[in-house]
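Input: a single structure, listed below in structure tokens.
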Amino acid sequence: MAEFVVLGAGMVGVSSALALQAHGHSVTIIDRTQAGCETSYGNAGIIQMEAVQPYALPRDLLTLCKYALEISNDVTWRMDGALQMLPALWSYFRHSSPAKHAQISQYYSRLIRSSTADHAGLIRDSQAEHLISRDGLAILLRDQKEFDKTAKKADFLLNEYGVTSRILDGGRYQKEEPALKKTPAGVVHFTQSWSCASPGDLTRAYFDLFVSRGGKFVSGDANTLQQSASGWQVHTDEGELSAEQAVIALGPWSPEVLKRFGYRIPMVYKRGYHGHYDAPQRLKRPFLDVANGVLAAPMTKGLRVTTGAALVPHNSPVDTKQLERGAKALNEIIDVGERVAEPQWVGTRPCMPDMLPLVGEAPNHKGLWFHFGHGHQGFTLGPTTSALLMDMMNGECSELISALSPELRLS
Ligand SMILES: Cc1cc2nc3c(=O)[nH]c(=O)nc-3n(C[C@H](O)[C@H](O)[C@H](O)COP(=O)(O)OP(=O)(O)OC[C@H]3O[C@@H](n4cnc5c(N)ncnc54)[C@H](O)[C@@H]3O)c2cc1C
């Protein structure tokens, strides 16, 4: 019998499994597909040291109207999606007040600040160095007023959280980034963030490291999880698998699986898309085109363009208008090239309304651990919150541990 079964082989599940293994436990990962095939595959690949404040829901009327009318490309929505998520959205709205957001950011920034250090050892041990660039993330502003605002925010992030950046006028940045064919108003270059040329491959490299250290993987469906006399049991392709303890790391699918155990977990499901393009000139570093709500990142498959949030029901059909609008607008400033032919990728950011991942033991089930809800930064935070999960399992207490605790947040 394994001591631990980890359900979910995304960045969060694989990082949990590696952390458990490092603490001497025998671990089996279960997933219905392969490692790093879902959200941890299709994201923008940034290890986001600049993201010390989680994304709050804007509360000013003008931005909300822009979202409601889909004037901005940042957010699209459907009435049925918004209605399904209404309690979670309302809670998100309440947690986004300036005072609450500032308090949440104090915890969030502590997680973010360890992220590159927590990835570094895994990158080295999994021999994934070739996938990583340590050249930061550029925030590109087309409008002078927006540039001034972002530069001011960068100043605040430096003073408050030690986030370093370079503030460059458009002409200067264009000299550094020859792929730019038009001069933007300016760029804020966050220098501590890293980027990954293939997030799915990095997750798989970590997974291979786990296997090389004696870890086991079995295909199976997390929906068959049951409590048993000796702990937990899951039906897998290799029969019933038992473990003393189970970790739920199923990203956006976690709340659905936990319904059977009586947990009603509010989540804001922010869908995103990506497409690859055969841009003739490789970007020096990824950039966010703020005016159009898309991020362009040089990846192994070409230029990956990722979109903002679509608030739609979990299984609603693909609607690529955000991606198409974004790629068209990007083409004004860089040569995007032709779209690479491949099935349309769609994934969902698993966002908790209070913007913090849910990490810790289930309130009503001993030996069942929650580890999900990493929202916009799960690729960044997988190894960091895994280390905290170990602290929790070892009975440690801290203010940060309490802030992530399911027991305190779901009551
Ligand atoms: C467009 C986009 C861009 C993003 N960009 C970034 C970024 O630049 N940086 C960053 O840090 N984050 C980014 N994110 C967020 C990040 O991708 C997620 O937070 C992170 O991947 C979540 O990881 P996870 O391991 O929790 O979930 P996942 O990677 O989704 O893993 C969950 C696993 O559970 C498995 N599973 C689900 N249901 C079952 C079941 N019933 N039985 C068995 N297995 C099951 C799935 O197969 C999957 O392997 C982005 C997200 C999107 C959508």
Side-chain angles (χ1 to χ4, degrees), residues 5-17 29-51 54-55 111-112 115-116 118-119 137 193-196 199-200 202-204 206-207 217-225 234-237 241 246-260 267 269-275 286 288 293-297 299 304-310 314 322-323 326 345-352 357-359 370-386:
V5 63
V6 174
L7 296 160
M11 179 52 86
V12 175
V14 172
S15 301
S16 314
I29 299 182
I30 292 183
D31 200 290
R32 61 184 172 198
T33 60
Q34 300 290 309
C37 284
E38 293 282 359
T39 333
S40 299
Y41 162 77
N43 60 62
I46 319 292
I47 300 179
Q48 288 188 261
M49 280 288 272
E50 85 296 343
Y55 287 109
L111 299 176
I112 288 287
S115 61
T116 47
D118 292 334
H119 272 277
L137 169 69
S193 302
W194 295 357
S195 57
C196 174
L202 186 68
T203 311
R204 276 187 292 278
Y206 289 2
F207 172 78
F217 174 82
V218 185
S219 280
D221 183 355
N223 285 305
T224 63
L225 181 71
V234 191
H235 186 71
T236 73
D237 291 359
L241 189 139
V247 178
I248 303 290
L250 296 160
W253 294 275
S254 305
E256 192 57 39
V257 167
L258 288 169
K259 265 190 195 160
R260 285 186 19 256
M267 192 176 263
Y269 298 96
K270 295 191 191 173
R271 180 181 275 195
Y273 296 99
H274 81 219
L288 176 68
V294 280
L295 194 142
M299 294 236 176
R304 179 177 288 186
V305 179
T306 47
T307 64
H314 215 32
Q322 257 174 315
L323 181 60
W345 185 82
V346 50
T348 303
R349 300 169 182 92
C351 302
M352 300 303 295
L358 202 53
V359 191
F370 292 176
H371 193 195
F372 56 84
H374 294 67
H376 289 256
Q377 274 92 34
F379 184 67
T380 301
L381 291 177
T384 300
T385 54
S386 294

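Worth knowing before you read on, the calculation uses all heavy atoms, side chains too, and leaves out hydrogens, waters and symmetry mates. Atoms within each ligand, like the ligands themselves, are counted from 1 in listed order.
- Every N/O-N/O distance between K270 and ligand 1 stays at or above 3.5 Å.
- Remark: R204 engages D201 in a salt bridge (charged side-chain N to carboxylate O under 4.0 Å, His left out) (not counting sequence neighbours).
- The distance criterion of under 3.5 Å between nitrogen or oxygen atoms is not met by T307 with respect to ligand 1.
- With ligand atoms numbered from 1 in the order given, ligand 1 contributes 25 (O) to contacts under 4.0 Å with heavy atoms of M11.
- For the pair D31/F217, a side-chain contact is recorded, criterion being any heavy-atom separation below 4.5 Å from C-beta on.
- Q48 and S193 form no side-chain donor-acceptor contact under 3.5 Å, judged by distance and modelled atom types alone.
- Ligand 1 has an N or O atom lying under 3.5 Å from an N or O atom of I46, backbone or side chain.
- Considering backbone and side-chain N/O of A222, one or more are found under 3.5 Å from N/O of ligand 1.
- The shortest N or O to N or O distance between F379 and ligand 1 is below 3.5 Å.
- Listed by atom number, the atoms of ligand 1 under 4.0 Å from G375 heavy atoms are 15 (C), 18 (C), 19 (O).
- With a 4.5 Å cut-off on side-chain heavy atoms, L295 and L137 count as touching.
- Close N/O approach between W345 and ligand 1 is not found [any backbone or side-chain N/O within under 3.5 Å].
- Residue contacts with ligand 1 leave out G373, since none of its heavy atoms falls under 4.0 Å from the ligand.
- Numbered from 1 in the order shown, with element, the atoms of ligand 1 that lie under 4.0 Å from a heavy atom of A44 read 3 (C), 4 (C), 5 (N), 6 (C), 8 (O).
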